[in-house]
Each structure stands twice: as structure tokens, then as C-alpha cells.
Amino acid sequence: QVQLVESGGGLVQAGGSLRLSCTASEITFRGYPMGWFRQAPGKEREFVAAINWSGGSTNTADSVKGRFTISRDDVKNTVYLQMDSLEPKDTAVYYCARSLINYGGTSSRTNDYNYWGQGTQVTVSS
């Protein structure tokens with residue numbers, strides 16, 4: 001069964017840091033762009049960051065630029081999201097996703113991703 005499993009979420013005070021991990025199993029990871037998205041209660045899922053197939057290019061939403069960093073380790077089949085200077089508005093369920101298309105770029109559109117994890121909760125207190 002295809003699996004993307006996120007971990008690393010939790011409760012943190014404003015200004016703190018968390019690192020999310022997403023490990024793939026039973027699907028091809030190498031060669032595919034990966035993305036992070038988030039969804040707050042009552043809101044639509046929104047793009048956070050994406051990394052291309054080689055790790056040489058990233059795309060980050062304006063709302064988190066300069067605070068969040070995406071990276072990947074193809075040996076471990078894992079994509080990471082380093083989140084620094086967290087703010088209460090960052091509170092959401094965070095999802096990782098694998099792109100539809102291999103050797104592609106850093107899309108911010110949810111429709112360009114066809115495998116999704118179950119999500120991990122991030123709560124930032126003020």
C-alpha cells in the first residue's frame with residue numbers, strides 16, 4: 001500500500017521551531033517532486049513549500065518565506081520541513097504530498113500531487 005507518513009508535529013510556543021519529516025514507502029520517491037501543504041480549521045488546504053526532483057530547486061509560500069525550509073534525502077526516502085520563528089497563524093494540520101509527474105518542478109497546486117500523507121498537527125501558542 002502506498003504510504004507517506006508525516007511526523008514531528010506538536011505544540012510549540014511562538015518563536016519556537018519544529019522539524020517535520022515525511023517518509024515514503026511502497027512508492028517511488030527518488031525522481032519525484034515533493035510538497036508540503038497545510039490546512040487550518042475552517043480553511044482550505046494551502047501550499048507551504050515544494051522541492052523539485054533533484055533537490056536543486058525549491059518554492060516557498062510568501063507567508064512562510066524566510067522562516068520555513070524544505071529539503072529532501074533520497075537515501076532515506078524522506079522530505080523535511082524545517083519551521084523556525086513559528087507564529088500562531090502557522091497552526092494547522094500539515095500534509096506532505098508526492099507529485100504526479102516525475103522529474104518535474106515545484107508546483108504549488110494541490111491537483112499536481114496524487115499521493116498524500118495523513119497529516120500531522122502543528123499548534124503554536126502565543
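Bear in mind the structure is a predicted one, so any value in this text is a computation, not a measurement.
Under the salt bridge (Lys or Arg N to Asp or Glu O under 4.0 Å) criterion, the residue pairs touching residues 111-126 are R109-D112, with sequence neighbours excluded. Applying the salt bridge (Lys or Arg N to Asp or Glu O under 4.0 Å) test to every pair with at least one member in residues 39-58, sequence neighbours left out, gives these pairs: R38-E46. Listed by first and then second residue, the salt bridge (Lys or Arg N to Asp or Glu O under 4.0 Å) pairs involving residues 12-21 amount to none (not counting sequence neighbours). For the salt bridge (Lys or Arg N to Asp or Glu O under 4.0 Å) condition, no pair includes a residue of residues 114-126, sequence neighbours left out. Pairs of residues two or more places apart, or lying in two chains, never qualify as ring-ring contact (aromatic ring centres under 6.0 Å, His included) while including a residue from residues 17-36.
Separation of atoms CZ (R67) and OG (S85) is listed at 7.0 Å; rounding is to 0.5 Å. Rounding to the nearest 0.5 angstrom, the gap separating the CD1 atom in I51 from the OG atom in S57 is 8.5 Å. In this structure, CZ in R72 is found 12.0 Å from OG1 in T58, a value given to the nearest 0.5 Å. Considering CE of M34 and SG of C22, their distance stands at 4.5 Å, rounded to 0.5 Å. Atom-to-atom distance recorded for L20:CG and T120:OG1 is 6.0 Å, nearest 0.5 angstrom. Atom CD of Q118 and atom CG of L4 lie 9.0 Å apart (nearest 0.5 Å).
Within 6.0 Å of NZ in K76 there are 12 or fewer heavy atoms belonging to other residues, nucleotides or ligands.
Residue G8 comes nearest to L18 through the heavy atom pair O-CD2, 3.8 Å, listed as atom of the first residue, atom of the second, then distance. S17 and D84 get closest at one heavy-atom pair: OG-OD1, 2.8 Å. Scanning both residues, A92 and A40, for their nearest heavy atoms gives CB-N, 3.8 Å.
Scanning for side chain to side chain donor-acceptor pair (under 3.5 Å) contacts around S54 gives N52, with sequence neighbours left out. Under the rule for a side chain to side chain donor-acceptor pair (under 3.5 Å), N111 has no partner lying at least two apart in sequence or in another chain. R98 is linked by a side chain to side chain donor-acceptor pair (under 3.5 Å) to nothing, counting only residues two or more places apart in sequence or in another chain. With sequence neighbours excluded, the residues forming a side chain to side chain donor-acceptor pair (under 3.5 Å) with T78 are T23, listed by chain and number. Residues passing the side chain to side chain contact (heavy atoms under 4.5 Å, CB included) test with V124, sequence neighbours excluded: V12, A14, L86, P88, D90, T91, V122.
Side-chain N or O atoms of E26 include none that pairs as donor or acceptor with a backbone N or O of Q3 at under 3.5 Å. With hydrogens and angles ignored, the 3.5 Å screen pairs no side-chain donor or acceptor of Q121 with any backbone N or O of G10. The closest donor-acceptor contact from the side chain of N102 to the backbone of G31 lies at 3.5 Å or more, if one exists at all. In this structure, the side chain of Q82 does not engage the main chain of I70 through any donor-acceptor pair within 3.5 Å.
Under a 4.5 Å side-chain heavy-atom criterion applied to ILVMFWY residues, the cluster that includes Y95 comprises F37, F47, V93, Y113, W116 as well. Here I101 sits in one hydrophobic cluster together with L100; the rule is ILVMFWY side chains under 4.5 Å apart, joined directly or through other members.
Under the 4.5 Å side-chain contact rule for hydrophobic residues, Y115 and Y80 do not share a cluster.
Between F68 and Y94, the ring planes lie tilted relative to each other; the angle falls in the 30° to 60° range.
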